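All residue numbers refer to positions in the sequence shown, counting from 1. All values reported here derive from a predicted model rather than from experimental measurement.
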Amino acid sequence: MLLKGVQLLRSGLAGPPKCYNFRLVCRALSVQYGDAKTLTPAVRDYVDKCVNLCQPERVHICDGSPAESKLLQGLMLKQGTILPLLKYENCWLARTNPADVARVESKTFISTERKEQTVPVTPNATPGTLGNWISETDLQAAIAERFPGCMKGRTMYVIPFSMGPVGSPLSKIGIEITDSPYVVESMKIMTRAGAPVLQVLQQGDGQFVKCLHSVGTPASGVQAQASWPCDPERTIILHKPAENEIVSYGSGYGGNSLLGKKCFALRIGSTIAKREGWLAEHMLILGITNPQGKKIYVAAAFPSACGKTNLAMMTPTLPGYKVECVGDDIAWMKFDAQGVLRAINPENGFFGVAPGTSRATNPIAMDTIFRNTVFTNVASTSDGGVYWEGMEEAQLANVTVTDWLGKLWSRESGKPAAHPNSRFCTPAAQCPIIDPAWEDSAGVPISAILFGGRRPAGVPLVYEARDWAHGVFIGASMRSEATAAAEHKAKVIMHDPFAMRPFFGYNFGDYLAHWLSMEKRGQVPKIFHVNWFRKSDEGKFLWPGFGDNSRVLDWIFRRVQGENCFEESPIGRLPSQGALNVAGLPGNVDLKQLFELPKEFWQQEAKEIEQYFDAQVGGHLPRPVAQQLAELKKRVASM
Ligand code: GTP
Ligand code: SPV
Ligand code: MN
């Protein structure tokens, strides 16, 4: 148990009906909302410990109801945390503290007994980039420095939530404790949250992941703005896989505070998946039906802000194709008794990148997000609407624009109106192309896995792995331009294996071994690498992307069906001459450039991967992956 402390005395039925007293050492604390009797003894115990540590004024046990949302929206309006967007139905705008706008990977830690359980330990790692380890002692000190009394005078919310449909055998339950009503409302969109989850806990094995979050109260320095309390200087996000426990302090933003998402579904999730023999991945899941009416499901791992949401709900430009969305960010995948790899989306909403979303690029998202949505750090218009870079300018006729910082905006300022990592938080069920099986507790069968990233040079539009081990090597070698989703400087090409670099819950070498072992567990899907982001010498995208990515999906679909439409290349299988359907593409798309494999580039790339494996993975690199690298080097040398 991370949270050590005095066990509280509880008195059962004092106070008005529906009121339960947590009797602290010298004062009584009432549950202001909800009924503590609905909590299991283990949850009560956890809440007690958090109360004792954080010393809130009152406790609110979330029931997940619309009435509760009304209450919290009213409160946030009063505090200035959200503004109503009157142009739409039940939509809100939150503007964060400008120092709290993205995930903070450098302040994210995992605690295990030994360091190599969390990260590869190598002789020559010039600081490790595959996660941060923290000792138990340092973790306890970090908590002790930040949490005692951090909720004084404020409300502690208890959010029971399910990752995956409530009560489904593949789902897992969490309890998030937070002092942020914004987090409560966001968790009610992103997860299945509320009273029904407590019923499942009462009836089931009672297991849950403990998630403690506080926006924090700065000890010194500039007082954080009252409308968005946070403590950026002391922000820390801690995970203890052995206890299924998460502790997050100082940030209210996205993956830092909505603990069901990256912390639980990916970091803790990947450690559970390793133990239980399945995969927890940073992947979208989509269903695609071809003109003959045959349907397959595909999962795809692209790094943060590299196109998952867009691909997951794309509108194909190829006639006769249909895409349906199961999820846009996370996949839990497990072989069934027949050896078929089945995936569920553990989430209930989309926390999607706003900039770049428009009727032209992602009409399905545009049809999803203008009801029951919380927008964060987008710009607003004087008619009660939203605006961001890349949205149709027609939105701007006869209105003034307020930027994400709350200042009047003009294009001439040269500054973006919306923060580049501004997002919409919207219910998945509102997506007009949500897949009929998206809540199927058996999951959907996965026929292909795509890896990809932002590669401005050298990497072709699509290529296919020759076999499973080659595919695992391709995932391990993924690189991509940094984006605004975390604190890195954009445009630097970073290694982001499996799009999981920020989200591994355990040693990447062991993760690779786990992936390799999947081949023994069932029928493994085909693996592909895609790149929508190759640029011309003039710096223009060579590929139109978005709906035209259906042309690549069409080739993948045909490969899954066994069509002989490929040719071998030193890096993998490419579409054979004429195999990519380009009918109706604008004439200026230069396929030759899109598929070119420059020898120097690939020699450099192989060298770079080798240095990365040496420095970052060292002796933890499984032999089959090292062999794949040796083979690549050999083939590239004779290009
Ligand atoms: P996370 O939610 O951070 O994990 O990101 P994501 O992978 O879901 O990224 P998303 O789909 O939101 O895309 C991020 C940005 O990439 C947006 O600005 C998109 O407009 C842009 N984008 C997505 N697909 C394409 C594409 O095919 N071509 C180009 N040029 N840009 C794209
Ligand atoms: C990502 O960065 O990959 C996201 C957004 O999906 S956040 O939830 O903030 O991590
Ligand atoms: Mn993501």
Side-chain angles (χ1 to χ4, degrees), residues 54 72-73 75-85 92-108 142 145-147 150-155 157 176 178-187 190 212-237 247-259 261-263 304-305 351 353-355 374-380 386 388 401-409 413 415-425 483-490:
C54 306
L72 295 182
Q73 285 158 359
L75 190 75
M76 286 191 280
L77 270 173
K78 216 162 77 192
Q79 291 170 345
T81 307
I82 57 169
L83 302 165
L85 291 164
W92 308 86
L93 169 62
R95 292 194 197 115
T96 72
N97 183 306
D100 187 22
V101 294
R103 280 183 295 100
V104 281
E105 293 174 14
S106 60
K107 298 173 178 188
T108 300
E145 277 164 22
R146 292 165 175 82
F147 277 89
C150 68
M151 297 185 190
K152 266 191 183 142
R154 294 184 295 129
T155 304
Y157 299 92
E176 178 158 349
T178 180
D179 49 8
S180 161
Y182 167 88
V183 167
V184 176
E185 281 309 293
S186 303
M187 285 291 286
M190 293 306 296
L212 171 59
H213 169 253
S214 172
V215 290
T217 43
S220 61
V222 192
Q223 186 61 43
Q225 74 199 59
S227 60
W228 188 270
C230 59
D231 191 354
E233 276 162 31
R234 298 198 300 159
T235 291
I236 196 161
I237 296 135
V247 176
S248 167
Y249 175 91
S251 166
Y253 204 87
N256 299 333
S257 68
L258 314 180
L259 301 185
K261 199 171 175 56
K262 307 297 179 173
C263 298
S304 302
F351 186 61
V353 176
V374 180
F375 294 88
T376 303
N377 287 343
V378 302
S380 55
V386 292
W388 48 71
V401 177
T402 302
D403 71 11
W404 68 280
L405 294 159
K407 303 245 160 57
L408 199 63
W409 178 80
S413 71
K415 297 199 180 116
H419 187 278
N421 192 39
S422 55
R423 297 205 175 230
F424 50 78
C425 179
T483 65
E487 73 267 47
H488 311 290
K489 286 232 179 329

Ignoring hydrogens and angles, tell me if any N or O in the side chain of [X] forms a donor-acceptor pair with the backbone of [Y] under 3.5 Å.
X	Y	result
E185	L72	no
E487	A102	no
H213	S251	yes
K262	G254	no
R234	E145	yes
N256	I237	no
S227	Q79	no
W92	I82	no

As a test of understanding, state which of D231, T235, D179 forms a side chain to side chain contact (heavy atoms under 4.5 Å, CB included) with V215.
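Testing each of D231, T235, D179 against V215, the sole residue satisfying side chain to side chain contact (heavy atoms under 4.5 Å, CB included) is D179.
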
Counting C-beta onward and ignoring hydrogens, is there a side-chain heavy-atom pair between S422 and F375 closer than 4.5 Å?
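S422 vs F375: side chains apart.
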
Side chains of V386 and F424 in contact at under 4.5 Å (non-hydrogen atoms)
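Not in contact.
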
Tell me whether the rings of W404 and H419 are parallel (<30°), tilted (30 to 60°) or perpendicular (>60°).
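It falls in the perpendicular class, over 60°.
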
Please report the closest heavy-atom contact between [X] and [Y], naming both atoms and the distance.
X	Y	result
M151	T178	CE-C, 4.2 Å
F351	K261	CB-CE, 4.0 Å
P232	K107	O-NZ, 2.9 Å
A354	W388	O-NE1, 3.1 Å
L259	C263	O-CB, 3.5 Å
A485	N421	CA-OD1, 3.5 Å

Mind running side-chain contact (heavy atoms from CB on, under 4.5 Å) on K415 and D403 for me, showing each step along the way?
CA-CA 9 Å; K415 297 199 180 116; D403 71 11; over 6 Å; no

With W228 as reference, evaluate D100, T96, T376 under the side chain to side chain donor-acceptor pair (under 3.5 Å) test and give the passing residue.
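Per the side chain to side chain donor-acceptor pair (under 3.5 Å) rule, the option paired with W228 is D100, out of D100, T96, T376.
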
